[in-house]
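Quick one: structure below, then a few questions.
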Amino acid sequence: MADLRKLLNTENADYLQRQARAAYINPSTNNDTSTTWGTGWGPILEDGYTQYFTGFCNNQNCVNSHWDYCGGWCAPPGVTQITFEIWGGGGSGAGGCCCQQGSPGGAGAHTRKTLCGCDFPGQSLGGMCYLWFLAPPTCCSACCIGLRGCKSYITGCGLSNFCADGGLPGKTCCYAFYAGGAAPTYGPSCSSYSNGSGAGLGGLGCYTFPPDGFTACDCACGYGGDYAVGGKLGWFRVDCACGDSCYVKLGIPQPGGVRDQCTRYFITKNMGNSCINDCAAHSAGEWPGSPCCNWGMHGQGSPSSTSCAGSCCYGYRGARGLIRITYK
């Protein structure tokens with residue numbers, strides 16, 4: 001085996017030195033754009049130098065400044081391969097008044113594109129420059145329809161319409177958690193509320209956004225890459241008519257392209273009425289969360305508010321996006 005590694009030149013001093021510098025990063029909490037060899041997450045380390053762009057960390061409701069959400073990047077001399085990865089922002093949860101509840105916002109899309117120097121004059125990508133825009137977090141929504149997550153995109157030589165849409169918005173309806181009586185009720189991505197009796201809902205995994213009648217089905221989309229992973233809708237599940245929305249289960253969607261190829265859901269209890277869904281709002285699932293910019297992972301959908309016989313509540317804002325550039 002040692003002779004085979006030697007023949008394949010995969011265990012030379014340069015290789016071992018690079019692997020020694022390899023590191024895992026949680027991009028939800030990292031906004032350091034310095035280059036590092038072999039960074040990654042989960043079980044996979046990227047073979048190349050990696051830069052992350054995560055945006056300015058701001059806990060205010062609406063970020064008026066786009067500082068650190070747009071910029072440029074140029075490939076160093078001698079670069080022969082670049083992989084661009086972008087994630088759209090998560091959709092915000094919807095607001096609610098009186099007795100409204102509903103589904104969380106959807107996850108942002110993920111798109112990946114690799115450029116090879118062999119396809120360009122001089123067999124090199126060195127010196128090529130690109131402009132990028134990173135999806136900032138959305139504002140909080142007071143309406144029964146949340147806000148779509150923001151787009152992330154990169155422009156430059158070799159890229160065409162390279163874009164990742166933000167997640168679809170959450171939605172609340174009157175008595176959504178109680179519409180089924182003694183029967184279970186489900187939000188989008190499972191089935192319509194109480195078999196279609198909920199206001200403004202269509203068929204399996206679909207629902208409409210008045211007044212334009214736009215129908216949201218399945219996912220946010222990515223464009224212009226070698227492949228794209230759609231960001232799925234959030235969902236809820238009520239298994240009993242116990243009169244307490246604390247026991248409702250929420251399916252919070254996280255974008256593909258991180259630990260799994262497709263959307264990953266983590267399940268949390270709603271844990272509150274009358275705007276007191278703090279436990280749901282601070283659950284980050286398997287991925288370590290961050291109080292910066294959003295309560296969870298980049299591109300993740302956010303819970304809708306739970307209002308019960310009283311005050312109006314805001315849904316939580318959608319997460320910021322992410323850009324990763326790997327080159328060698």
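FYI, side chains are in, hydrogens and waters are out, and symmetry mates aren't considered; it's all heavy atoms of this structure. For clarity, every value in this text was computed on a predicted model and none was experimentally measured.
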Are any side-chain N or O atoms of Ser302 and backbone N or O atoms of Gly93, one a donor and one an acceptor, separated by less than 3.5 Å?
no
SG-SG under 2.5 Å, Cys312 vs Cys97:
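Cysteines Cys312 and Cys97 qualify as a disulfide pair, their SG atoms being under 2.5 Å apart.
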Identify, with sequence neighbours excluded, every residue that meets disulfide (SG to SG under 2.5 Å) alongside Cys74.
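Expected list: Cys129.
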For His298 and Thr54, run side-chain contact (heavy atoms from CB on, under 4.5 Å): C-alpha distance rounded to whole Å, both residues' side-chain angles, the deciding distance at 0.1 Å, then the answer.
CA-CA 8 Å; His298 65 271; Thr54 60; over 6 Å; no
Identify every side-chain donor-acceptor pair in residues 151-164 under 3.5 Å, counting partners at least two apart or on other chains, and give the distances.
residue	atom	partner	partner atom	Å
Lys151	NZ	Asp165	OD1	2.5
Ser152	OG	Trp87	O	2.8
Ser152	OG	Ala135	N	3.0

Might you point out which heavy atoms bring Ser307 and Cys98 nearest each other, and give the distance in Å?
OG-O, 2.9 Å
State whether the side chain of Arg237 and the backbone N or O of Val248 hold a donor-acceptor pair below 3.5 Å, judged by distance alone.
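No.
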Does Gly96 offer a backbone N or O that forms a donor-acceptor pair with the side chain of Ser305 under 3.5 Å?
yes
Is Leu322 close to Tyr52 at the side-chain level, that is, under 4.5 Å between some pair of heavy atoms?
yes
Tell me if a side-chain donor or acceptor on Thr138 pairs with a main-chain N or O of Gly318 at a distance below 3.5 Å.
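Indeed, once roles are kept as given, a pair shorter than 3.5 Å links the two residues.
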Working to the nearest 0.5 angstrom, can you tell me the gap between Thr268 OG1 and Ile252 CD1?
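So the gap between those two atoms works out to 7.0 Å.
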Looking at side-chain heavy atoms only, is the closest gap between Thr80 and Leu125 below 4.5 Å?
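They are not in contact (no side-chain heavy atoms under 4.5 Å apart), so the answer is no.
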Under a 4.5 Å cut-off applied to non-hydrogen side-chain atoms, are Lys328 and Tyr49 in contact?
no
State whether a side-chain donor-acceptor pair under 3.5 Å links Ser304 with Thr172.
no
Mind listing the closest non-hydrogen atom pair of Gly166 and Ala220 along with its distance?
O-CB, 3.2 Å
CZ-OG1 distance between Phe84 and Thr326, expressed to the nearest 0.5 angstrom
10.0 Å
Those residues that, when tested against Trp132, pass side chain to side chain donor-acceptor pair (under 3.5 Å) (two or more places apart):
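Partners of Trp132 under the side chain to side chain donor-acceptor pair (under 3.5 Å) test: none.
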Quick one: salt bridge (charged side-chain N to carboxylate O under 4.0 Å, His left out) pairs with a partner in residues 88-116, sequence neighbours left out?
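Residue pairs passing salt bridge (charged side-chain N to carboxylate O under 4.0 Å, His left out), neighbours aside: Glu46-Arg112, Glu85-Arg112, Lys113-Asp226.
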For Pro253 versus Gly105, what's the shortest heavy-atom pair and its separation?
CG-O, 3.2 Å
Atom CD in Gln100, atom SG in Cys174: separation rounded to 0.5 Å?
4.5 Å
Can you label the angle between the Trp235 ring and the Tyr265 ring as parallel, tilted or perpendicular, going by 30° and 60°?
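Geometry flag for Tyr265 against Trp235: tilted rings.
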Count I, L, V, M, F, W, Y as connected when their side-chain heavy atoms are under 4.5 Å apart, and connections chain through other members. Are Leu233 and Leu147 then in the same cluster?
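No, no single cluster joins them.
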dist Met297:CE -> Gln254:CD (nearest 0.5 Å) comes out at 5.0 Å
Validation row: Gln123, Pro121 side chains within 4.5 angstrom (heavy atoms)
no
Under the side-chain contact (heavy atoms from CB on, under 4.5 Å) rule, what do Tyr327 and Gln81 come out as? Steps first, then yes or no, please.
CA-CA 6 Å; Tyr327 62 91; Gln81 180 177 300; over 6 Å; no
In Å and rounded to the nearest 0.5 Å, what is the CZ to CD1 distance from Phe236 to Ile267?
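Spacing of CZ (Phe236) from CD1 (Ile267) equals 13.5 Å.
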At their closest point, which heavy atom of Pro104 faces which heavy atom of Pro303, and how far apart are they?
CB-CA, 4.0 Å
Remaining members of the apolar cluster that contains Val229, side-chain heavy atoms under 4.5 Å
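Taking Ile, Leu, Val, Met, Phe, Trp and Tyr as members, Val229 shares its hydrophobic cluster with Tyr227.
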Pairs satisfying salt bridge (charged side-chain N to carboxylate O under 4.0 Å, His left out), at least one member in residues 124-143, at least two apart:
none
State, yes or no, whether a side-chain contact exists between Lys171 and Ser103 at a heavy-atom distance under 4.5 Å.
no
Are Trp37 and Asp47 packed together at the side-chain level, in the sense that at least one heavy-atom pair is separated by less than 4.5 angstrom?
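SC-SC contact between Trp37 and Asp47 confirmed.
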Test Ser92 against Ser141 for side-chain hydrogen bond (donor to acceptor under 3.5 Å, both in side chains), laying out the working first.
CA-CA 7 Å; Ser92 76; Ser141 174; 4.8 Å; no
We want to know whether Thr114 and Thr83 form a side-chain donor-acceptor pair, criterion being a heavy-atom distance below 3.5 angstrom.
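Their side chains do contain a donor-acceptor pair, which is all the 3.5 Å distance test asks for.
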When you group the ILVMFWY residues by side-chain heavy-atom contacts below 4.5 Å and let the links chain together, are Ile86 and Tyr223 in the same group?
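Looking at the clustering, Ile86 is in a separate group from Tyr223.
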How long is the span from the CZ atom in Arg317 to the SG atom in Cys139, to the nearest 0.5 Å?
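Atom-to-atom, Arg317:CZ and Cys139:SG are 8.0 Å apart.
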Are side-chain heavy atoms of Tyr69 and Phe53 found at a separation under 4.5 Å?
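Answer no - side chains too far apart.
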